[in-house]
Amino acid sequence: TVGGLDFAVADLAEAEFGRKEIRLAEHEMPGLMALRREYADVYPLRGARVAGSLHMTVQTAVLIETLVALGAEVRWASCNIFSTQDHAAAAVVVGPYGTPEEPKGVPVFAWKGESLEEYWWCTERMLTWDGEGPNMILDDGGDATMLVHKGTEFEKAGVVPSADENDPEEYQVFLGLLAESLAADAGKWTKIGEGVLGVTEETTTGVLRLYQLAAAGELLFPAINVNDAVTKSKFDNRYGIRHSLIDGINRGTDVLIGGKVAVVCGYGDVGKGAAESLRGQGARVVVTEIDPICALQAAMDGYQVRTLENALPEADIVITTTGNKDVVTVEHMASMKHQAILGNIGHFDNELDMAGLARYPGIKRIVIKPQVDEWIFPSGRTILVLSEGRLLNLGNATGHPSFVMSNSFSNQVIAQVELFTKHEEYDNEVFRLPKKLDEKVAKIHLDALGGELTKLTKDQAEYIDVDVEGPYKSDHYRY
Ligand code: NAI
């Protein structure tokens, strides 16, 4: 705690550099800046206490300061152990008007390279407010939401959480933290769960968890699925990945991608961006899919569609984008080419069997540099694993660039305002934002790029049965 502000970041001395990059990012985030202007005199988030769990990057700093500009109090943690940009975290703590000696910004609990214990500690600190608890959650991947739900569940059942040794390490650490927090304050999570008016969720994996909770009737508060705003998943997941996937591979390995064979597992929004970025560098891209529709899309886009087993003998680079688990097993890894590169860009590391790799008989690990490991099999063959199997674009590089995140985060801010100001209109279900707002976010960014939009005539609008001012598509339209 410095000057009444509690926080945990790597080094406040990095704040000045962070502030410079935040200033540059603001220009590249026209959606967020437009929302600041639109709400300049209204403060729609006055009274909101937003607990945020989302990669603590420069772009997220602009999001946080937009929430503050709209009147919110905010506490923040990252949603991944490797994704924090320490200078951004420092700058947010210091704030635009503070100094490292007298920070005046937002409490952030995040640094690059947290242990799992530290990660859950940060998430818990972010959700622990003096006085009244948070009343809004902004989540990416659903970990903050899970902590509140699981905590409430164990409190209601009166059971002390204990992990099974077969549980993944991450879950064991999570339950350990939960047991400690319950021992310290027995009603804590129930109270937080009751105080939260709603959650807005950033990504595919977190949205899946929310729909599962809602289907089981267990969702404690309303949720807005930000991911499935068109201006989020069809842009961030795709064009963001197109930029940041090869950024991560290049910064991690600096291996020439042209001429190599790259396998992309999954051809959803992220997979489409991943395949395009690798092809853009001249790689021959092979796609694996379980869904015939996405597989056919990949084929039509000119990629070979293969099973992983059949693709591996040729593969120089393997990237998972599925949001599923056990996609690359340790047997797959053992059969990869010498010095093949393996990385995941889906939300959780369980797409790759990292635990199985660490347990493989005779395996050795050489740390080349942070977030780049060479694993040596007894055969003498090695593979290079990026970010220990966690999302490599944020672990090895700096994630998506500002402009595309401005689309995603504009939807986040709109969703926060919507749930905070109108929560009584929402049940404990998962909702999407109206298409009109999606079109508004797109328009701001199109204008910033100098795009010219054609205006419908009244006659034309009637002919295709839409309003001249939009929305321009039916809800079942897929883009
Ligand atoms: P999506 O649902 O559009 O695509 C996933 C695809 O993987 C689907 O087409 C599915 O059929 C396929 N798939 C599932 N199991 C498979 C298997 N065993 N083998 C091959 N294909 C399989 O999801 P989206 O939006 O593309 O997101 C994917 C993941 O990336 C999620 O975990 C999401 O949270 C994460 N994400 C990561 C970002 C980053 O910056 N690293 C940005 C956005 C999303």
Side-chain angles (χ1 to χ4, degrees), residues 45 47-54 67 72-77 79 109 119-120 122-161 170-171 174-175 177-228 347-348 411-412 414-433:
L45 292 177
R49 296 184 297 279
V50 181
S53 166
L54 194 152
L67 295 169
E73 269 182 76
V74 180
R75 286 169 82 84
W76 213 264
C79 64
F109 302 86
Y119 172 78
W120 284 109
C122 287
T123 308
E124 200 223 353
R125 293 313 306 154
M126 176 277 293
L127 283 160
T128 307
W129 295 52
D130 277 344
E132 282 185 275
N135 55 15
M136 294 295 296
I137 295 178
L138 193 158
D139 219 352
D140 182 348
D143 277 354
T145 304
M146 175 170 88
L147 183 50
V148 175
H149 278 76
K150 285 278 173 202
T152 302
E153 189 185 313
F154 281 112
E155 282 170 1
K156 291 233 158 87
V159 182
V160 178
E170 193 129 358
Y171 194 60
F174 166 73
L175 287 184
L177 169 116
L178 200 52
E180 266 175 46
S181 88
L182 293 182
D185 180 357
K188 171 175 179 158
W189 299 107
T190 308
K191 197 165 144 247
I192 293 177
E194 284 169 0
V196 171
L197 304 172
V199 57
T200 61
E201 169 56 52
E202 174 81 2
T203 198
T204 315
T205 287
V207 161
L208 173 68
R209 288 170 145 192
L210 286 173
Y211 282 111
Q212 286 169 336
L213 280 173
E218 289 168 4
L219 194 56
L220 296 173
F221 30 75
I224 290 186
N225 162 0
V226 171
N227 181 68
D228 287 292
H347 192 79
F348 286 120
N411 287 298
Q412 275 289 4
I414 291 168
Q416 284 282 320
V417 170
E418 179 70 14
L419 272 189
F420 179 66
T421 55
K422 300 194 192 138
H423 51 91
E424 65 288 339
E425 294 174 23
Y426 290 91
D427 299 328
N428 294 352
E429 299 286 339
V430 188
F431 299 90
R432 277 182 299 141
L433 287 169

(request) Apply the test side-chain contact (heavy atoms from CB on, under 4.5 Å) to residues Thr123 and Leu177: give CA-CA distance (whole Å), side-chain angles for both, the deciding distance (0.1 Å), then the verdict. (result) CA-CA 10 Å; Thr123 308; Leu177 169 116; over 6 Å; no

Answer yes or no: is there a donor N or O on one side and an acceptor on the other, between the side chain of [X] and the main chain of [Y], under 3.5 Å?
| X | Y | result |
| --- | --- | --- |
| Glu201 | Thr203 | yes |
| Trp76 | Leu54 | yes |
| Ser53 | Asp140 | no |
| Glu155 | Lys188 | yes |
| Trp129 | Met126 | yes |

Please name the pair of heavy atoms, one in [X] and one in [Y], separated by the smallest distance, quoted to 0.1 Å.
| X | Y | result |
| --- | --- | --- |
| Ser181 | Glu124 | CB-OE2, 3.5 Å |
| Leu182 | Gly151 | CD2-O, 4.3 Å |
| Leu210 | Ala223 | CD1-CB, 3.8 Å |
| Ala214 | Val430 | CB-CG2, 4.1 Å |
| Asp427 | Pro222 | O-CB, 3.2 Å |
| Leu419 | Gly198 | CD1-CA, 3.7 Å |

Which value, rounded to the nearest 0.5 Å, describes the distance between [X] atom [atom1] and [Y] atom [atom2]?
| X | Y | atom1 | atom2 | value |
| --- | --- | --- | --- | --- |
| Phe154 | Leu175 | CZ | CG | 5.5 Å |
| Thr205 | His347 | OG1 | NE2 | 6.5 Å |
| Glu73 | Leu45 | CD | CG | 11.5 Å |
| Glu218 | His149 | CD | NE2 | 8.0 Å |
| Asp185 | Thr128 | CG | OG1 | 8.5 Å |
| Ile137 | Leu127 | CD1 | CG | 5.5 Å |

(request) Scan Asn411, Thr200, Thr421 and name whichever one has a side chain to side chain donor-acceptor pair (under 3.5 Å) with Gln416. (result)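 Of the listed residues Asn411, Thr200, Thr421, the side chain to side chain donor-acceptor pair (under 3.5 Å) partner of Gln416 is Thr200.
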
(request) Run through Glu425, Glu424, Glu418 and flag the one making a side chain to side chain donor-acceptor pair (under 3.5 Å) with Lys422. (result)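 Answer after filtering Glu425, Glu424, Glu418: Glu418.
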
Min side-chain heavy-atom separation [X]-[Y] under 4.5 Å:
| X | Y | result |
| --- | --- | --- |
| Phe420 | Asn135 | yes |
| Trp189 | Lys150 | no |
| Met136 | Phe221 | no |

(request) Step through the shown structure and confirm whether more than 12 heavy atoms of other residues, nucleotides or ligands are within 6.0 Å of CZ on Arg125. (result)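 Yes.
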
(message) Against Val207, only a single residue in Val226, Asp139, Asn227 fulfils side chain to side chain contact (heavy atoms under 4.5 Å, CB included); can you say which?
(response)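 Of all the options given, the one that passes is Asn227.
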
(request) Please determine, by modelled atom types, if Tyr119 and Glu170 share a side-chain donor-acceptor pair under 3.5 angstrom. (result)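 Their side chains do not contain a donor-acceptor pair, so the 3.5 Å distance test is not met.
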
(request) May I ask you to say whether Asp143 pairs ionically with Arg209, meaning some side-chain N is under 4.0 Å from a carboxylate O? (result)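 Counted as a salt bridge, because a side-chain N and a carboxylate O are separated by less than 4.0 Å.
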
(request) Under the side-chain contact (heavy atoms from CB on, under 4.5 Å) rule, what do Leu219 and Glu429 come out as? Steps first, then yes or no, please. (result) CA-CA 7 Å; Leu219 194 56; Glu429 299 286 339; 5.5 Å; no

